[in-house]
Amino acid sequence: MSTIKHLIHGEHIADDTRTTDVFNPSTGQAIHKLGLASRATVQKAIDSAQAAFPAWRNTPPAKRAQVMFRFKQLLEANEQRIAQLISEEHGKTLEDAVGELKRGIENVEFASAAPEILKGEYSRNVGPNIDAWSDLQPIGVVAGITPFNFPAMVPLWMYPLAIACGNCFILKPSERDPSSTLLIAELLHEAGLPKGVLNVVHGDKEAVDALIEAPEVKALSFVGSTPIAEYIYAEGTKRGKRVQALGGAKNHAVLMPDADLDNAVSALMGAAYGSCGERCMAISVAVCVGDQVADALVAKLVPQIKALKIGAGTQCGLDMGPLVTAAARDKVLGYIDDGVAAGAEVVVDGRGFKVAGNEDGFFVGGTLFDRVSPEMRIYKEEIFGPVLCIVRVDSLEAAIKLINDHEYGNGTCIFTRDGESARLFCDEIEVGMVGVNVPLPVPVSYHSFGGWKRSLFGDLHAYGPDGVRFYTRKKAITQRWPKRTSHEAAQFAFPSNS
Ligand code: NAD
């Protein structure tokens with residue numbers, strides 16, 4: 001079994017004193033060992049990034065952008081290879097893996113506009129012979145810590161933009177599915193990135209704590225679960241770092257009585273069961289306004305959930321693969337047991353689901369609960385599995401209140417044909433990303449991604465315009481070139497134009 005290495009200063013470096021297994025969740029077999037970086041290895045990555053920073057920050061943005069152009073081409077040329085690695089270690093279907101890569105590439109496209117997005121602002125003659133401008137300058141060495149569920153896309157939310165802005169980046173990807181992330185970083189080097197501008201260290205809490213504590217690391221981008229997001233935000237900001245920490249979610253879809261039910265059902269099937277529910281924007285709660293909508297929804301969902309094509313992600317033409325690890329599967333099964341015990345009505349039960357030929361894979365079948373109430377754990381907590389809960393309410397106002405009372409506020413959507421309801425929903429809902437007849441309202445790369453409440457700690461969202469703000473510091477420069485012939489007397493009053 002091969003041991004996956006770190007990528008530091010353009011070289012593959014072994015540090016395997018401590019290791020963990022990487023599994024193929026479809027077979028349940030360990031397929032690689034992964035070295036977990038020690039503090040000393042993390043420091044090597046930091047030193048490499050520090051050394052690379054002066055030259056990289058002074059590299060013209062247009063030249064940095066050229067690296068991104070070549071990177072995009074290499075990502076496209078290697079699409080199938082990357083998707084295969086994602087499917088093998090994450091378990092999602094090949095088509096889904098290609099989809100996440102394509103959304104990641106959109107962030108590389110955005111970063112390729114570096115000369116345009118880094119243009120400052122200029123004002124001539126703000127005073128006699130005085131001009132002023134503001135400049136967007138890089139921060140220095142920044143780090144990113146990413147989750148397992150999008151091993152290609154989420155790192156691509158971060159480092160292409162950070163690097164295009166002139167920073168050097170250290171990535172600590174998820175230890176559960178690191179191979180596609182590593183291959184993508186290798187392709188960026190093949191595209192011409194100088195050594196040290198991007199370093200990849202694999203690891204666990206030890207590596208993350210080393211990054212948080214290092215004074216050389218000026219900013220941290222994190223995406224993962226809420227308890228870790230909160231920890232990284234608290235520890236990072238305490239040390240004066242800039243931190244954006246995106247956390248967990250519980251995303252609700254509201255179905256109004258006037259919704260186009262067939263289209264809403266198709267949308268819900270993909271959004272609830274796609275990627276086995278392991279998406280931070282997955283819909284895990286359907287809020288039905290009125291019993292009639294709920295009954296009709298259940299009647300239409302049940303046959304489709306039972307017909308889900310589930311198998312090894314690496315096969316083509318499937319709807320859903322396994323969960324990422326045995327622990328993730330057991331956690332989801334525990335939630336289903338809990339929902340049944342709490343009195344929710346299990347309409348489709350995914351427990352005990354097996355895939356012929358892959359009996360040891362970490363599979364759970366699509367599951368549907370009806371008559372779920374807000375005090376149940378299956379409603380309150382993020383299950384992160386193929387489990388959809390139906391909550392019945394009697395008005396749009398009650399649906400909005402339900403969602404606003406939830407601790408998470410990542411994504412939500414409404415299905416309706418009525419503009420007034422949609423507008424009220426968009427105005428009143430306390431959630432960061434909202435869809436109207438769009439089940440997964442993940443913003444495109446030139447907008448920014450982020451939730452509200454306990455789904456995001458920090459002020460700026462990820463990628464897009466907020467990403468540029470996060471990865472740059474503004475400098476305001478005021479410059480005077482007095483005429484040789486003029487002399488100005490000392491001025492003791494605060495200078496002004498009046
Ligand atoms: P996770 O929080 O377990 O891990 C995320 C990262 O943190 C990994 O790199 C991991 O190694 C590291 N980590 C884990 N425990 C740590 C600790 N004690 N100290 C320091 N670092 C630690 O998350 P996950 O299971 O990989 O991903 C799933 C979670 O991520 C879900 O909650 C999902 O909602 C969330 N997520 C959120 C978004 C978003 O944009 N809001 C996007 C994707 C995933």
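Please read these numbers as outputs of a predicted model, since none were measured by experiment. Order of listing sets the numbers, starting from 1, for every ligand and every atom in it.
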Assess whether a salt bridge exists between [X] and [Y], defined as any Lys/Arg side-chain N lying under 4.0 Å from an Asp/Glu carboxylate O.
X	Y	result
E95	K92	no
E381	K250	no
K5	E11	no

Under 4.0 Å, heavy-atom basis, I'd like to know which part of [X] is in contact with ligand 1: side chain, backbone, both or neither.
X	answer
N410	side chain
E175	side chain
W157	side chain

What is the nearest protein non-hydrogen atom to [atom], stated with its residue, atom name and distance?
atom	result
atom 44 (C) of ligand 1	N149 OD1, 3.2 Å
atom 2 (O) of ligand 1	S225 OG, 2.6 Å
atom 26 (O) of ligand 1	F148 N, 3.0 Å
atom 27 (O) of ligand 1	P147 CB, 3.3 Å
atom 19 (N) of ligand 1	K205 CG, 3.5 Å
atom 12 (C) of ligand 1	I145 CG2, 4.1 Å
atom 9 (O) of ligand 1	T146 O, 2.8 Å
atom 28 (C) of ligand 1	F384 CE2, 3.6 Å

Would you say the side chains of [X] and [Y] form a donor-acceptor pair under 3.5 Å?
X	Y	value
S48	H9	yes
T314	E88	no
Q43	E216	yes

Passing candidate, side chain to side chain contact (heavy atoms under 4.5 Å, CB included) with L368, options V346, L388, D349:
L388
Can you name the one residue among L333, V332, T325 that meets side chain to side chain contact (heavy atoms under 4.5 Å, CB included) with R329?
L333
Does the protein put a heavy atom under 4.0 Å from atom 4 (O) of ligand 1?
no
Take every heavy atom of M281, measure it against each atom of ligand 1, and state whether any distance is under 4.0 Å.
no
Minimum heavy-atom distance A271-P439, with the two atoms named
CB-CB, 3.8 Å
Taking ring pair (Phe, Tyr, Trp, His ring centres under 6.0 Å) as the criterion, tell me which of Y408, F415, Y379 meets it with H252.
Y379
Give the atom numbers and elements of ligand 1 that come within less than 4.0 Å of a heavy atom of [X].
X	result
V223	5 (C), 37 (C), 38 (C), 39 (C), 40 (O), 42 (C), 43 (C), 44 (C)
E382	31 (C), 32 (O), 33 (C), 34 (O)
K172	8 (C), 9 (O), 10 (C), 11 (O)
F449	39 (C), 40 (O)

Where the closest heavy atom to [atom] is concerned, which of [options] has it?
atom	options	value
atom 25 (O) of ligand 1	E278, R176, E206	R176
atom 18 (N) of ligand 1	V442, I228, D209, V208	I228
atom 41 (N) of ligand 1	G247, C280, G451, P178	G247

Looking at side-chain heavy atoms only, is the closest gap between L118 and R64 below 4.5 Å?
yes
Let me see the working for Y471 and S221 under side-chain hydrogen bond (donor to acceptor under 3.5 Å, both in side chains), right down to the final yes or no.
CA-CA 10 Å; Y471 292 124; S221 294; 2.7 Å; yes
